[in-house]
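As a basis for the values below, the full set of heavy atoms in this structure was taken, side chains included, without hydrogen atoms, waters or symmetry mates.
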Amino acid sequence: MIAITISVVLLILILIKVPIPFAILGAAGIGLLWVGGSENLIGVFEVIPMSSVGSNSLAAIPLFILMAHLVLKSGVLDTLFNSASTLIGRIRGGTGIAAVLAGAGFAAVSGSSTAAAATLAHTSTGTMLKQGYSPRLASGTVASAGTLAAMIPPSILLVFYAITAETSVGKTLLAGVIPGILMSLGLAITVWVMGLRGHAPATERTPWMAKLTALKGLLPIAFLFAVVVGTVFLGIATATEAAALGCLGGLFLMVSMKTMTWSNLKSAVVGSVSSSAMILSFVFAAHVFGIFLTQTQVAPTVVEYVQGLASSFHD
């Protein structure tokens, strides 16, 4: 009964647009106060803030986010998209396929779906619309390509999963490589099929010399991917160490692309701190809510109920 009431409170807080971490934390706080009084609530809040976000594995998250912002400010994604558009050649939906490839490339050095989708929307949506793509296909392609960062390493979601499941962060990140590639191929084929059905025009034919020149635009992303994922795959570095190397690689890209300014650096750091604080607040709030559920014995009750259903089914 307590758990149901607190769940309703949580839903109400979310519906009245309380920020989700604060809604979870507020509902859990009320529940803890209800179950064990003020001493219970104070005891949890004394221990959980540090124990929930003080893990060494979690250090990879703000580092990957910082790497994503540094790469974003370097302007390398614009170069990546233009290079992919040139390399695709004259086929239906070529620009859309280039957007998918650019999304996969950015996902391989960012781990942030939000940053990937926002950047792709700025870079490629306008180009596709000007070329005659249907608005549905242009927006759908960008939105879908942005989600690739949730699967292709270094993925922040996979880091969360590894920590929650108590598995190796490095092995979990590597496990996302093949599914990420398959998802990218599936999206590219979908865009091509939609192009054949008249939702996208053919791109302009480009000479082979231009294609060879465009290969240079892929080198920065390939270099950074090799540094981050390659060191984890070879066992040279842990996921956290690879994220730190990725940040150094992001700084190197900013210098090489001549975008290293105080304004860009400040924007990257501020954006990283803001995103990291938001994500870690979810971790903290979820831990507190989990303790509340443990104290109310919700999990054993649900397990017992499900086992009873299974027994009734077999009978």
Side-chain angles (χ1 to χ4, degrees), residues 19-22 24-25 47-74 77 103-119 146-177 179-180 221 224-225 227-233 236-251 253-254 265-290:
I20 293 179
F22 291 103
I24 297 173
L25 200 59
V47 176
I48 293 302
M50 184 59 191
S51 63
S52 61
V53 299
S55 169
N56 289 332
S57 299
L58 281 174
I61 292 175
L63 288 173
F64 278 135
I65 293 174
L66 177 59
M67 180 181 72
H69 281 274
L70 292 173
V71 172
L72 188 62
K73 292 299 179 181
S74 71
L77 187 60
F106 187 67
V109 294
S110 72
S112 173
S113 297
T114 304
T119 306
T147 63
L148 293 173
M151 179 63 67
I152 298 176
S155 166
I156 294 173
L157 287 179
L158 289 181
V159 174
F160 268 128
Y161 172 80
I163 294 171
T164 304
E166 297 182 354
T167 61
S168 169
V169 174
K171 291 181 179 178
T172 303
L173 288 176
L174 293 177
V177 173
I221 294 295
L224 198 54
F225 182 78
V227 169
V228 176
V229 180
T231 52
V232 175
F233 179 76
I236 299 174
T238 64
T240 304
E241 292 167 346
L245 289 174
C247 290
L248 291 177
L251 288 172
L253 286 181
M254 290 184 70
L265 187 60
K266 180 182 177 181
S267 177
V269 172
V270 171
S272 301
V273 172
S274 177
S275 299
S276 300
M278 178 189 68
I279 292 173
L280 294 178
S281 68
F282 274 98
V283 177
F284 168 44
H287 271 75
V288 175
F289 199 82

Sequence neighbours excluded, the answer for side-chain contact (heavy atoms from CB on, under 4.5 Å) partners of K266 is W262, V270
Using modelled atom types and a 3.5 Å cut-off, is there a donor and acceptor pairing between side-chain atoms of S281 and backbone atoms of M278?
yes
Applying ring-ring contact (aromatic ring centres under 6.0 Å, His included), can you list everything that pairs with F284, at least two apart in sequence or on another chain?
none
Please enumerate all residues that pass side-chain contact (heavy atoms from CB on, under 4.5 Å) together with I279, with sequence neighbours excluded.
I61, I65, I156, F160
Please report the closest heavy-atom contact between L63 and A243, naming both atoms and the distance.
CB-CB, 3.5 Å
For T238, all residues meeting side-chain contact (heavy atoms from CB on, under 4.5 Å), sequence neighbours excluded
T240, E241
Take atom CZ in F282; do more than 12 heavy atoms of anything else shown fall under 6.0 Å from it?
yes
Pairing residues for S276 by the side chain to side chain donor-acceptor pair (under 3.5 Å) criterion, not counting sequence neighbours
none
Ignoring hydrogens and angles, tell me if any N or O in the side chain of S275 forms a donor-acceptor pair with the backbone of S272 under 3.5 Å.
no
Could you pull out all residues at least two apart from M254 that satisfy side-chain contact (heavy atoms from CB on, under 4.5 Å)?
L70, K73, S74, T259, M260, N264
CG of L66 to CG of L251: how many Å apart, nearest 0.5 Å?
7.0 Å
